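What follows is one structure encoded as structure tokens, with my remarks underneath.
Just so it is clear: chains get the letters A, B, ... in the order the sequence lines come, proteins before strands, and each one is counted from 1. Predicted, not measured: the structure shown is a model, and the values here were computed from it.
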Amino acid sequence: MPEGPSLVILREQAARFVGQEIVRAEGNTWTIDPARLRGQRLLALRTWGKHLLLQVPGMTVRIHFLLFGTWRIDERRDKPARLSLGFADGGDIHFYACSVKEIDGDVDAGYDWAADVMADAWDPARARKTLRMAPAMLACDALLDQDIFAGVGNIIKNEVLFRTRIHPLSAVGALPPAKLRALVHEARAYSFDFLAWKKANVLKQHWLAHAQATCPRCRIPLHKAILGRTKRRSFWCERCQKHYA
DNA sequence: TGGAATGTTGGAAC
DNA sequence: CGTTCCAACATTCC
């Protein structure tokens, strides 16, 4: 469950642990020593794109779920946890099949919060400017670029391109200003729709292009291919998504 | 049951 | 030395 909106849900689900002492810490992670977290107070729980940041005094741990990672709160799966944290109130959180890393130094210095499509600090003008500086970049690659659209994943990519009627192989430099603006705007707008639909457990039924066979506008078959430098699945309509080149 | 999938990284190759 | 490419990793579902 790794796109940005899902991380927001996780952050909200785990918010009650902030301020509590970590009384148990274990797991099969090899990148940090879980024992270092024991006895520490969880100072903050933040997200940046697809990253979850756990801050305790003198240490920040970054969790990334990649493609297969999952978590559970107040329950366990029948699988070894990469990292498990137990809190003073008796609750616990378990992370599975994820990447665990310690972040060196100041978190605020290392992350550009303006790039996170879910963040209050999201700055669409910054995204547009970055895109204008890379005119040859394909639209399908641009949306997956975490330095520009942190939190956007393959589902959001396909839905944003469909909504904005932009062909995935369009060069961003060929987009008229209004289209570029729409692309950036929808990257955030769709991400918040994703968040609401995911919370309501109705995300998939709202997919218009991703993993779909037919264009809901034209009723013709959608195209499906592995596209771009990112080599990810794209679903698009040749009739209603314009190829800017 | 083999293949595909909401993703990133490290190191090889150029 | 910088940029690009690809194998590797990890898990579940159909």
Side-chain angles (χ1 to χ4, degrees), chain A residues 1-11 13 27-32 47-53 61-72 75-84 94-104 110-112 115-118 130 133-138 140-163 168 186-213 222-236:
Chain A
M1 316 176 101
E3 299 196 34
S6 296
L7 272 282
V8 171
I9 292 172
L10 165 56
R11 191 185 68 212
Q13 288 174 340
N28 64 13
T29 177
W30 61 93
T31 52
I32 64 164
T47 56
W48 180 87
K50 301 165 190 169
H51 299 199
L52 177 72
L53 303 171
V61 175
R62 189 203 81 174
I63 307 283
H64 196 301
F65 294 97
L66 296 121
L67 207 47
F68 310 122
T70 55
W71 68 87
R72 290 290 187 278
E75 62 174 345
R76 284 177 180 280
R77 307 186 69 208
D78 187 24
K79 302 278 179 186
R82 181 80 78 234
L83 181 65
S84 288
H94 309 280
F95 301 106
Y96 303 91
C98 56
S99 155
V100 178
K101 278 189 180 172
E102 179 174 0
I103 305 273
D104 302 314
Y111 283 97
D112 187 346
D116 179 358
V117 296
M118 302 306 292
T130 310
M133 290 190 303
M137 189 183 286
L138 302 181
C140 61
D141 288 331
L143 281 164
L144 292 176
D145 188 325
Q146 299 299 293
D147 292 331
I148 307 174
F149 298 106
V152 170
N154 205 39
I155 296 171
I156 298 174
K157 175 198 81 178
N158 283 319
E159 294 298 307
V160 167
L161 292 174
F162 184 80
R163 277 188 171 187
E186 282 299 337
R188 178 172 168 92
Y190 180 79
S191 294
F192 276 88
D193 286 342
F194 182 123
L195 174 63
W197 290 329
K198 182 90 181 174
K199 282 180 174 177
N201 241 315
V202 292
L203 177 64
K204 287 188 185 183
Q205 59 193 262
H206 286 277
W207 287 348
L208 300 177
H210 184 78
Q212 304 305 297
L222 287 177
H223 284 244
K224 168 185 172 180
I226 305 295
L227 299 182
R229 206 175 61 165
T230 45
K231 292 187 164 53
R232 303 297 303 280
R233 285 199 306 171
S234 284
F235 297 85
W236 74 97

Mind checking whether A:F235 and A:H210 have parallel, tilted or perpendicular rings, split at 30° and 60°?
perpendicular

Atom-pair distance (NZ on A:K231; C1' on B:dT8), nearest Å:
15 Å

Identified ring-ring contact (aromatic ring centres under 6.0 Å, His included) counterpart of A:H206 within the set A:W197, A:Y190, A:F162
A:W197

Which sits closer to the 5' end of DNA chain B, A:K101 or A:K50, going by the nucleotide each is nearest to?
A:K50

Using the ring of A:Y96 (Phe, Tyr or Trp, six-membered ring only), decide whether A:R77 places NZ or CZ under 6.0 Å from its centre and within 45 degrees of its axis.
yes

Counting only Watson-Crick or G-U wobble pairs whose two distances fall under 3.5 Å, which nucleotide matches B:dT1?
none

Using only side-chain N and O atoms of A:R232, determine if any of them is under 4.0 Å from OP1 or OP2 of B:dG7.
yes

Using the P atoms only, state how far C:dA7 lies from B:dA4, rounded to an integer number of Å.
15 Å

Considering only atom P, compute the distance from C:dA8 to B:dG3 and round it to an integer number of Å.
16 Å

note: A:N158, atom CG; B:dT6, atom C1'; distance rounded to Å ~ 11 Å

Using whole Å, report how far CD1 of A:I226 lies from P of B:dG7.
12 Å

Looking at B:dG7, I'd like to know if its phosphate oxygens (OP1 or OP2) sit under 4.0 Å from a side-chain N or O belonging to A:Q146.
no

Could you state the atom-to-atom distance from CG of A:L66 to C1' of C:dA8 in whole Å?
12 Å

With rounding to the closest Å, how many angstrom separate the P atoms on C:dA10 and B:dG11?
16 Å

Identify whether any heavy atom of A:K157 sits under 4.0 Å from a base atom; if not, whether one sits that close to sugar-phosphate; answer base, sugar-phosphate or nothing.
nothing

Donor-acceptor side-chain pairing of A:S6 and A:K50 below 3.5 angstrom:
no

Under 4.0 angstrom between A:H210 side-chain N/O and B:dT6 OP1 or OP2:
yes

Starting at CZ of A:R77 and ending at C1' of C:dC13, how long is that distance when rounded to a whole Å?
12 Å

Between B:dT6 atom P and A:H206 atom NE2, what is the distance in whole Å?
19 Å

Listed nucleotide nearest any side-chain atom of A:K224, set B:dA5, B:dG7, C:dA10
B:dA5

What one should report as the nearest heavy-atom pair of A:L227 and A:D141 is O-OD1, 4.4 Å

To the nearest Å, give me how far apart CG (A:N28) and P (C:dT11) are.
8 Å

Send over the distance from A:D145 CG to B:dT9 C1', rounded to a whole Å.
15 Å

Complementary nucleotide of B:dG7, counting Watson-Crick and G-U pairs under 3.5 Å
C:dC9

Candidates C:dT11, C:dC5, B:dG7 - which lies nearest the side chain of A:R229
C:dC5

Is A:K79 near enough to C:dT11 that one of its side-chain N or O atoms lies under 4.0 angstrom from OP1 or OP2?
no

What are the two closest heavy atoms between A:A187 and A:L143, and how far apart are they?
CB-CD2, 4.0 Å

